[in-house]
There are 4 protein chains.
Amino acid sequence: MAEDRAPVTRRRADARRNIDALVEAAGAVFATSGVEAPAKEITDLAGVGVGTLYRHFPHRADLVKAVVESGIDAVAQAGPALAAGHPPAEALRLWARRFTELIATKRGLASALQSGDPAFRELPGYFLRRLGPIVADLLDAAVTEGTVREDLGAEDLLHALTMLSQPAPGRGIDHNQRVVAVFLDGLRHDPAR
Amino acid sequence: MAEDRAPVTRRRADARRNIDALVEAAGAVFATSGVEAPAKEITDLAGVGVGTLYRHFPHRADLVKAVVESGIDAVAQAGPALAAGHPPAEALRLWARRFTELIATKRGLASALQSGDPAFRELPGYFLRRLGPIVADLLDAAVTEGTVREDLGAEDLLHALTMLSQPAPGRGIDHNQRVVAVFLDGLRHDPAR
Amino acid sequence: MAEDRAPVTRRRADARRNIDALVEAAGAVFATSGVEAPAKEITDLAGVGVGTLYRHFPHRADLVKAVVESGIDAVAQAGPALAAGHPPAEALRLWARRFTELIATKRGLASALQSGDPAFRELPGYFLRRLGPIVADLLDAAVTEGTVREDLGAEDLLHALTMLSQPAPGRGIDHNQRVVAVFLDGLRHDPAR
Amino acid sequence: MAEDRAPVTRRRADARRNIDALVEAAGAVFATSGVEAPAKEITDLAGVGVGTLYRHFPHRADLVKAVVESGIDAVAQAGPALAAGHPPAEALRLWARRFTELIATKRGLASALQSGDPAFRELPGYFLRRLGPIVADLLDAAVTEGTVREDLGAEDLLHALTMLSQPAPGRGIDHNQRVVAVFLDGLRHDPAR
DNA sequence: TATGAATGAGGTTTCATTCAT
DNA sequence: GATGAATGAAACCTCATTCAT
């Protein structure tokens with residue numbers, strides 16, 4: 001119907017801007033008020049009407065997913081890069097550090113991932129599909145190398161890292177990094193034990 | 001209203017029965033629907049009116065606290081007993097096992113403990129006050145003995161155990177016991193490392 | 001739990017009063033603004049909170065059904081009475097008169113009955129179950145007597161009466177009575193035709 | 001915006017195509033979801049933006065009117081033709097048959113005609129203005145001939161036919177034709193009665 | 001004391017309508 | 001003229017909390 005396509009692309013740019021604003025605002029609001037924060041709080045911060053939120057993210061989980069997605073890519077991509085440049089166990093440790101940074105600054109996301117709330121039912125699956133393979137590769141390499149114990153699956157590890165990376169009230173990210181480090185120590189294979 | 005007023009003690013017994021029913025029901029409902037479950041769900045299960053809930057537990061946190069309390073005592077008391085009968089590191093490990101059993105079967109409690117929700121603001125404090133000293137004693141003994149590293153505080157440890165004990169969707173308590181064991185391995189002091 | 005039952009009955013009376021007020025208000029509002037009128041309009045007229053409406057009538061159809069029910073009984077009961085005191089064709093005509101009075105003063109109900117809106121899916125069934133047998137008895141008697149044609153089912157007749165009894169904008173109930181009378185004339189069995 | 005502006009007539013053709021698509025789509029959607037169906041549903045089916053709908057049909061009633069109009073002309077024109085080729089009473093019967101075909105396949109239109117909704121306030125007037133005279137002519141001829149009773153006005157008749165032609169859930173157009181036939185039988189003048 | 005009906009604030013969601021492109 | 005993104009009012013519905021009985 002529209003002979004000239006130009007306006008369409010222009011419009012898309014506007015929409016894109018709103019979508020980005022929403023995801024950013026949602027990230028901030030989730031961090032403050034949790035994943036169940038009122039939609040209004042998010043749209044106000046994004047400077048956008050409620051309708052716009054629902055147009056782009058019909059379900060709450062869509063928005064949460066977008067927020068997760070917005071940070072997850074860099075972490076996912078870091079996996080292969082670290083594997084290439086470091087010995088397996090070290091690569092795993094460095095990757096976990098990155099992962100903790102991601103989760104620890106996104107209060108409430110992890111709890112959404114395991115909340116059991118039907119609205120978020122798909123999220124853990126998405127999360128695992130996206131990061132599971134990266135962890136599996138890192139873990140397998142270290143197990144093959146013989147420096148890491150083999151009795152813990154990639155998903156178990158991912159879940160443990162997720163929980164330990166949860167922001168703890170009254171403590172900073174250092175706390176998370178410390179307990180994650182302890183956990184990874186425990187993961188080291190030590191035949192003498 | 002009631003012409004035949006039952007003796008006071010009789011009433012007390014009734015109240016006690018209701019309180020117990022409420023706490024038990026709340027535990028079950030929290031496990032199924034999370035700590036934010038509708039009050040009605042709890043009172044229906046307890047076979048009691050909503051008013052009764054509010055009489056005994058004016059705030060949601062009071063009820064959560066009661067539920068936590070109902071399981072926490074045995075775990076708290078187990079601390080000294082285990083310390084008396086086992087070497088420090090082993091005592092710590094056994095106690096952690098008990099603790100995990102408690103938390104892993106109370107879905108949602110840990111997340112309430114760290115939810116940041118103002119309604120639960122007092123809970124972490126209560127939790128720490130109650131269990132902090134027990135962990136501290138077990139931990140100090142092991143550090144003194146030299147079998148456990150000294151760079152992790154009792155509260156950090158308690159928090160880490162709490163997170164790792166969270167029920168993971170699709171996995172059972174075995175998962176929690178496994179990752180807790182890994183964590184405790186990491187806690188062991190190993191000068192050779 | 002409550003030893004003395006008296007208060008319960010008392011309370012029921014209060015609730016009953018609200019329910020009656022709601023049904024009456026709904027009848028009035030449906031007549032003015034149609035069956036899809038905002039819930040608020042109804043509760044305001046009934047002098048009751050929205051919550052009360054939803055407690056007693058969780059679905060819109062429940063309320064419509066109650067409104068229908070509130071008038072339908074007298075009409076249903078009139079069937080046998082008229083059959084006993086009049087020749088069949090006359091009984092049918094008199095009953096139709098009563099039926100038209102009922103429907104014509106409840107603007108919008110009939111349209112709900114055949115709206116196709118999923119919310120009202122059960123209503124036509126309810127309506128037919130309630131009145132179908134009455135019409136069938138009246139009709140059968142007249143057919144047996146030989147004064148009424150036999151090629152129209154009771155449900156067809158009921159539906160036709162319902163449609164012709166719909167309040168017509170700008171016309172009063174006389175209009176409905178007149179067209180219903182014409183229809184019933186058409187129903188008369190006349191072998192000579 | 002558009003550098004290459006198409007000739008005006010070309011534009012007109014496009015607009016015409018859109019209008020036709022909208023009316024057709026509206027007819028289909030009204031049949032399925034009622035006259036109050038979301039605008040989006042209609043524009044999607046027409047393959048057109050919402051803005052286009054509002055440009056051509058600023059008010060919902062305009063669209064309904066267009067849909068009604070699209071079918072009404074043939075029926076209106078059939079009046080004189082039938083009057084010319086048949087005896088009055090027969091002409092009336094045949095015309096009613098055509099009318100029923102029109103209404104029975106346009107679910108929801110008749111209810112819009114008498115909904116009382118301010119948005120449709122003009123529709124009944126339009127409907128009567130268009131078809132009233134046709135019915136009046138047919139009716140007058142039959143009354144003059146002496147085969148049809150004279151105590152029912154053309155508008156009363158039109159309204160009755162409209163109601164009886166309403167699609168009945170679970171029944172087909174046969175049902176409507178049957179009850180309309182009964183009604184017309186009732187309309188016949190029979191001095192013997 | 002216990003009850004559960006009533007309340008209404010607060011959140012969600014839908015959709016008619018506008019308007020920049 | 002056409003588009004469809006954005007808007008926000010308006011409706012829905014749920015539930016924590018109060019309070020008359």
Side-chain angles (χ1 to χ4, degrees), chain A residues 1-19 36-41 43 48-56 58-60, chain B residues 1-2 5-6 8 10-12 14-15 18 36-41 43-44 48-56 58-60 119, chain C residues 1-19 36-41 43 48-56 58-60, chain D residues 1-2 5-6 8 10-12 14-15 18 36-41 43-44 48-56 58-60 119:
Chain A
M1 246 133 268
E3 249 85 32
D4 42 357
R5 312 253 83 215
V8 171
T9 356
R10 282 281 280 265
R11 169 100 347 226
R12 286 269 158 79
D14 281 21
R16 187 74 246 162
R17 210 159 20 249
N18 280 334
I19 290 173
E36 318 241 330
K40 194 83 202 323
E41 203 177 324
T43 56
V48 141
V50 245
T52 306
L53 170 59
Y54 281 93
R55 163 177 282 266
H56 297 300
H59 305 291
R60 176 60 58 118
Chain B
M1 243 137 278
R5 200 162 263 282
V8 169
R10 175 67 197 305
R11 294 262 152 192
R12 285 262 164 87
D14 278 18
N18 281 338
E36 319 241 333
K40 191 89 201 319
E41 204 176 321
T43 56
D44 281 357
V48 141
V50 246
T52 307
L53 170 61
Y54 281 91
R55 164 173 289 269
H56 296 301
H59 305 290
R60 174 62 56 120
Chain C
M1 246 135 266
E3 249 86 32
D4 43 353
R5 311 253 84 212
V8 170
T9 355
R10 282 281 278 264
R11 169 77 23 201
R12 284 269 158 82
D14 282 21
R16 187 74 245 163
R17 218 169 1 261
N18 280 334
I19 289 172
E36 317 241 331
K40 193 84 201 319
E41 203 176 324
T43 55
V48 141
V50 244
T52 306
L53 171 60
Y54 282 94
R55 162 177 283 267
H56 296 300
H59 306 291
R60 176 61 59 120
Chain D
M1 243 141 274
R5 200 163 263 281
V8 169
R10 175 66 200 305
R11 294 260 153 194
R12 286 259 163 87
D14 278 21
N18 281 339
E36 318 240 334
K40 191 89 201 319
E41 204 176 321
T43 56
D44 282 357
V48 140
V50 247
T52 307
L53 170 61
Y54 280 91
R55 165 172 289 268
H56 295 302
H59 305 291
R60 174 61 57 121

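Computed over heavy atoms, backbone and side chain alike; hydrogens, waters and symmetry mates excluded. So that the names make sense, note that chain A is the first sequence line, chain B the second, and so on, each numbered from 1.
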OP1 or OP2 of [N] versus the side-chain N and O atoms of [X]: is any pair under 4.0 Å?
| X | N | result |
| --- | --- | --- |
| B/H56 | E/dT1 | no |
| B/N18 | E/dT1 | no |
| C/T52 | E/dA5 | no |

Grab the [atom1]-[atom2] distance between [X] and [N] for me, whole Å please.
| X | N | atom1 | atom2 | result |
| --- | --- | --- | --- | --- |
| A/R17 | E/dA20 | CZ | C1' | 12 Å |
| A/K40 | E/dA9 | NZ | C1' | 15 Å |
| C/L53 | E/dA5 | CG | C1' | 14 Å |
| C/R16 | E/dA6 | CZ | P | 11 Å |

Please name the pair of heavy atoms, one in [X] and one in [Y], separated by the smallest distance, quoted to 0.1 Å.
| X | Y | result |
| --- | --- | --- |
| D/A39 | D/R60 | N-NH2, 3.7 Å |
| C/T43 | C/V50 | CG2-CA, 3.8 Å |
| D/L53 | D/V48 | N-CG1, 4.5 Å |

Could you summarise the pairing of DNA chain E as dot-bracket text, marking Watson-Crick and G-U pairs under 3.5 Å with ( ) or [ ] inside the strand and | across strands?
.||||||||||||||||||||
Each nucleotide N or O in nucleotides 13-15 of chain E that has a protein N or O under 3.5 Å away: list the pair and distance.
residue	atom	partner	partner atom	Å
E/dT13	OP2	A/Y54	OH	2.8

How do D/R55 and A/R55 order along DNA chain F: which one's closest nucleotide is nearer the 5' end?
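Result of the comparison: D/R55.
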